[in-house]
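Hydrogens, waters and symmetry mates are skipped; everything else that's a heavy atom, side chains included, is used.
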Amino acid sequence: MKNIEYIAFDADDTLWVNELYFYEFEQKFCTLMQPYLPADKVSQELFRTEMKNLHLYGYGIKGMMLCMVETICNIIAQKGESNRQGKEQTPPADEAGACIREVIRLGQELIEHPIELLDGVKETLSQLSKRYKLILITKGDLLDQERKVSKSGLKDYFHHIEILSDKQPEDYQRMMERLDCPPEKFLMIGNSVKSDILPVLQLNGYAVHIPYPITWQHEQHEEEVNHPYFLRLNKITEILHHL
């Protein structure tokens with residue numbers, strides 16, 4: 001990695017805590033819906049809805065909230081149909097409204113959640129920014145990601161900030177072209193093999209994977225990565241020993 005000029009960082013779960021809060025939000029949602037369906041079934045139904053709508057809503061808390069609203073409607077409608085067939089009383093329509101109001105409250109609470117930097121992030125960025133052009137590249141809702149960047153206190157370390165709707169090879173390619181940065185001078189650091197590592201390796205850039213304890217089901221990648229430009233580290237500060 002001696003020729004590296006640009007170092008890009010993923011944001012969520014690479015620079016600051018994110019997936020833990022989403023996981024807790026989902027657990028609260030499953031508890032909310034337990035009167036209608038077991039928690040594991042609620043989680044499965046929510047994930048199916050998220051995957052169905054991913055091309056419409058993209059990534060982020062607002063898309064998750066909309067999928068929760070749809071899941072509430074589906075589950076309570078199914079419960080109502082089951083009750084009608086069993087000659088039981090149909091759940092009041094307001095039950096769905098009460099659940100939706102709680103999802104909105106919890107979602108807005110999550111949007112306003114303080115930013116918690118991961119250990120060693122500020123130290124690492126401070127040192128690397130003296131020798132390299134640093135890039136922050138993240139995907140998700142524009143307003144929410146801009147808020148996180150602003151509240152993180154890290155904005156001044158970055159030469160360039162890119163907020164994308166997705167992270168495919170063509171997205172990285174366009175960004176490199178705008179920066180006039182060939183892949184052999186580009187290093188990506190992130191926690192998602194699927195979004196941060198494989199697309200960059202496909203372009204023959206360098207990629208460093210720093211796993212996070214919790215990974216969303218859609219981002220999970222079980223296959224071993226075998227590439228000469230790939231490196232796996234345990235924590236972000238370790239990159240200082242490889243550059």
Side-chain angles (χ1 to χ4, degrees), residues 1-22 59-61 110-164 167 171-172 174-201 203 205-215 219 225 229-243:
M1 295 191 287
K2 292 181 180 180
N3 295 325
I4 296 298
E5 294 183 5
Y6 289 83
I7 301 178
F9 290 86
D10 170 53
D12 295 333
D13 302 315
T14 298
L15 301 180
W16 52 69
V17 178
N18 180 72
E19 188 58 33
L20 173 62
Y21 303 137
F22 275 70
Y59 299 87
I61 183 61
L110 179 54
I111 289 173
E112 294 295 332
H113 198 284
I115 301 301
E116 180 184 349
L117 298 182
L118 292 169
D119 291 343
V121 164
K122 187 166 287 190
E123 169 195 343
T124 301
L125 295 182
S126 177
Q127 292 195 40
L128 292 178
S129 64
K130 298 172 185 176
R131 296 182 288 140
Y132 302 93
K133 292 179 180 178
L134 304 188
I135 302 166
L136 188 149
I137 176 169
T138 183
K139 66 181 180 183
D141 177 75
L142 178 62
L143 289 178
D144 193 32
Q145 295 304 98
E146 286 181 337
R147 176 194 63 83
K148 291 179 184 178
V149 173
S150 177
K151 289 189 174 184
S152 72
L154 302 176
K155 188 174 182 179
D156 290 343
Y157 290 116
F158 294 101
H159 169 76
H160 179 75
I161 294 175
E162 192 95 9
I163 299 175
L164 303 170
K167 286 181 174 177
D171 299 306
Y172 286 99
R174 284 193 294 267
M175 185 192 68
M176 291 182 199
E177 290 174 354
R178 284 196 296 273
L179 295 171
D180 193 24
C181 174
E184 62 269 20
K185 295 184 179 182
F186 181 85
L187 167 64
M188 179 69 193
I189 299 176
N191 70 291
S192 171
V193 172
K194 183 177 179 180
S195 294
D196 303 321
I197 306 304
L198 296 180
V200 174
L201 294 179
L203 298 172
Y206 290 84
V208 171
H209 180 221
I210 304 176
Y212 186 75
I214 304 174
T215 303
E219 293 289 338
V225 178
Y229 292 171
F230 171 72
L231 181 66
R232 180 176 283 111
L233 301 176
N234 294 314
K235 54 186 179 180
I236 197 168
T237 53
E238 293 177 3
I239 191 62
L240 297 173
H241 305 298
H242 293 271
L243 291 168

Is there side-chain contact between [X] and [Y], with at least one heavy-atom pair below 4.5 Å?
X      : Y      : answer
Leu128 : Leu243 : yes
Asp180 : Tyr6   : no
Ile61  : Tyr21  : no
Asp13  : Phe22  : no
Thr138 : Lys148 : no
Met176 : Pro183 : yes
Asp12  : Gln145 : yes
Glu123 : Leu240 : yes

Lys155 bridged to Glu146 by N-O distance under 4.0 Å: no

Between Lys167 and Asp10, is there a side-chain N and carboxylate O pair less than 4.0 Å apart? yes

With rounding to the nearest 0.5 Å, note down the distance linking [atom1] in [X] to [atom2] in [Y].
X      : Y      : atom1 : atom2 : value
Ile137 : Asp196 : CD1   : CG    : 8.5 Å
Asn191 : Ile214 : CG    : CD1   : 11.0 Å
Leu198 : Ser192 : CG    : OG    : 8.0 Å
Leu164 : Met175 : CG    : CE    : 7.5 Å
Tyr157 : Leu136 : OH    : CG    : 13.5 Å
Met188 : Thr14  : CE    : OG1   : 7.0 Å

Return the minimal non-hydrogen interatomic distance between [X] and [Y], and the atom names on each side.
X      : Y      : answer
Asn234 : Ile210 : O-CG2, 3.8 Å
His209 : Phe230 : CB-CE1, 3.6 Å
Ile239 : Leu233 : N-CD1, 3.6 Å
Arg147 : His113 : NH1-O, 3.5 Å
Ile7   : Ile4   : CG1-CG2, 3.8 Å

A quick test of your reading: do over 12 heavy atoms of other residues, nucleotides or ligands sit less than 6.0 Å from NZ of Lys151? yes

Lys194 atom NZ, over 12 foreign heavy atoms within 6.0 Å: yes

Steps toward side-chain contact (heavy atoms from CB on, under 4.5 Å) verdict (Leu15, Ile236): CA-CA 9 Å; Leu15 301 180; Ile236 197 168; 4.0 Å; yes

Stepwise, does the side-chain contact (heavy atoms from CB on, under 4.5 Å) test hold for Tyr212 with Leu118? CA-CA 10 Å; Tyr212 186 75; Leu118 292 169; 4.0 Å; yes

My understanding is that only one of Val121, Leu125, Ile135 makes a side-chain contact (heavy atoms from CB on, under 4.5 Å) with Phe9; could you say which? Leu125

Tell me yes or no: between the side chains of Ser195 and Glu219, is some donor less than 3.5 Å from an acceptor? yes

Under the ring pair (Phe, Tyr, Trp, His ring centres under 6.0 Å) test, residues paired with Tyr206 that sit two or more places apart: Tyr229

